[in-house]
Amino acid sequence: MKNRIKTLLLALLIISCSKPGKLETQHVLGTIGERAMVVSAHPLASKVGSEILKKGGNAVDAAVAVQFALAVVYPNAGNIGGGGFLVYRSKDGAVDALDFREMAPQLANRDMYLDSAGNVINNLSLRGHLASGVPGSVDGMVEAHKKYGTLPWSELIQPAINLAEKGHIITEMEAKGLNNVQKSLLENCTVPPTNFSKEWVKGDTIYHKDLAKTLERIRDNERAGFYEGETAELIIEEMKRGNGIITQEDLNKYHSVWRTPISGMYRGYKLITMPPPSSGGVALIQLLESVEPFDLSSMSHNKATYVHLLTEAERRVYADRAEYLGDPDYYNVPVKGLLNPEYNRERMESFNPEKATPSDSIGHGQPMLEHNETTHFSIVDEQGNAVSLTTTLNGSYGCRVIVGHAGFLLNNEMDDFSVKPGVPNMFGLVGGKANEIAPGKRMLSSMTPTIVEKDGQLKLVVGTPGGSTIITSVFQTVLNVIDFDMTMQEAVDAKRVHSQWLPDVIMYEKDALTEETSKKLEEMGHKLLDKGNIGRVDAVKVLENKKLEGGADPRGDDFASGY
Ligand code: GLY
């Protein structure tokens, strides 16, 4: 049954809170799991994950299975042709982070998306073969499984193979997505993707026969099933046909990296999150440190005082992001300085509670209104191990190239580099030296897979897609739980706002701001922009009674599968 309906059935009446910041309505719970929980963007992927857990697999086993299942049932962001980040916390509190972000090919160079006059060539970093970084997802899953997995590798891939081979029935949202992307796939693929090409309606079945064969090679040969042999040959042939630059050497050289997660404290809660090349973890902790001195719970949720404060913190933090964040293997990111609570407090000294501070006016673009790219899932297993994993092709359906006869989409992650200083990428984000293109470098990301603990106990597993809005969606979800005492489902459902320094606007979801709030914000000097949906948060909360509450985002087909 759809989560939304379940949510209503599970509604619990709790005494209304009198503080203005607290919800004055019923507390609505999401899906409850007695022992384990998987929340992802697709019901079939969530079910694959919970089946693995029921078989005795741990959270990492389930994460591997969900990653591959999403590559089949959620091709707009689930992937084997992209990359991602995984944050792990064991039942004993040990933490780890896996960076399987894509890398720039060896033939990439700083100015590869500029014409001879130094102008950015429209769409070159977004569509077609040149837009793709070297994929990291398969290597990442192999590494995660080697270090923490318990079930045999083949058992984790088989459910995805079955879905690809036997097909699956699509929802209305999926049909719309497939219909919208048809033309672009035909323009960019060198081998027409016959299994994608039809007018789709809800209830149709889609099959992925080529992908099933690729997944079988990965099942049988692990890393070599993708980076060597037939799959690698198909990738290289695809690159040759489409004038791409990824070579066999790039595939050989690709390796994911285990990194130490970064952490920070907020009102006694410990945040464990992704270090660079994610900007998300650093920015999330900076944001929390910036607002900690303020009594948020005495402010009304999404009213002018609150939205103004968040916007002003976001303006400052995103300005830092543009200047300082990039691949730490290539650029000395001043993480310690940025995470210093004193530093963030000082940055907020210029905060005026009555008035917006105009952002500096370096070039900015119009961020995309579509934002289902990237996908996140959160898992807690029976032992209490947790995985927070965000994975991406960057834009929806990546660079729109399906590797001929291999059945999977390539990413368009090269657009996450700063293609020219000060020129915004598709999320309107600007950058400079720290995030310029170099061979083998990883492009800066906003993905923010995060785990929260309190007094050494697991509390929250959270993350979302949404490009530049990822950071602020995770930020607001954490505030919703900690400062506004929302259930997981309420925290996920709550309307979101977003601001990122440039462009100098507050983006908002429909109904996030009342007319009165909008008017007040405009009087303070803010510009407002209706952004449609912001984010698709999938998260798990550990309740006081140790049961798990899955919050699946109603903005998509997202689904919590617990038991
Ligand atoms: N491709 C979106 C991100 O990594 O931020």
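Note: hydrogens, waters and symmetry copies are ignored here, and every other heavy atom, side chains too, is used. Order of listing sets the numbers, starting from 1, for every ligand and every atom in it.
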Inset, instruction - Apply the side-chain contact (heavy atoms from CB on, under 4.5 Å) test between Arg496 and each candidate in Thr469, Thr472, Val537; give the one that qualifies. - result: Val537

Inset, instruction - Say whether, by atom type as modelled, one donor and one acceptor occur between the side chain of Thr450 and the main chain of Thr448 under 3.5 angstrom. - result: yes

Inset, instruction - Would you mind checking if Arg555 and Glu509 are paired as a salt bridge, meaning a charged N to carboxylate O distance below 4.0 Å? - result: yes

Legend entry - Basic-acidic side-chain contact under 4.0 Å: Arg89, Asp96: no

Inset, instruction - Hey, can you tell me if His498 and Tyr318 have their rings parallel, tilted or perpendicular (30° and 60° cut-offs)? - result: perpendicular

Could you tell me, for ligand 1, which of its N or O atoms are under 3.5 Å from any protein N or O, listing the pairs and their distances rounded to 0.1 Å?
unit_1	atom_1	unit_2	atom_2	d
ligand 1	1 (N)	Asn394	OD1	2.6
ligand 1	1 (N)	Glu413	OE2	2.7
ligand 1	1 (N)	Asp416	OD2	2.7
ligand 1	4 (O)	Arg101	NH1	3.0
ligand 1	4 (O)	Arg101	NH2	3.2
ligand 1	4 (O)	Asp416	OD2	3.2
ligand 1	4 (O)	Ser445	OG	2.6
ligand 1	5 (O)	Ser445	OG	3.4
ligand 1	5 (O)	Ser446	N	2.7

Legend entry - Tyr227 six-ring face occupied by Arg223 cation (under 6.0 Å, within 45°): yes

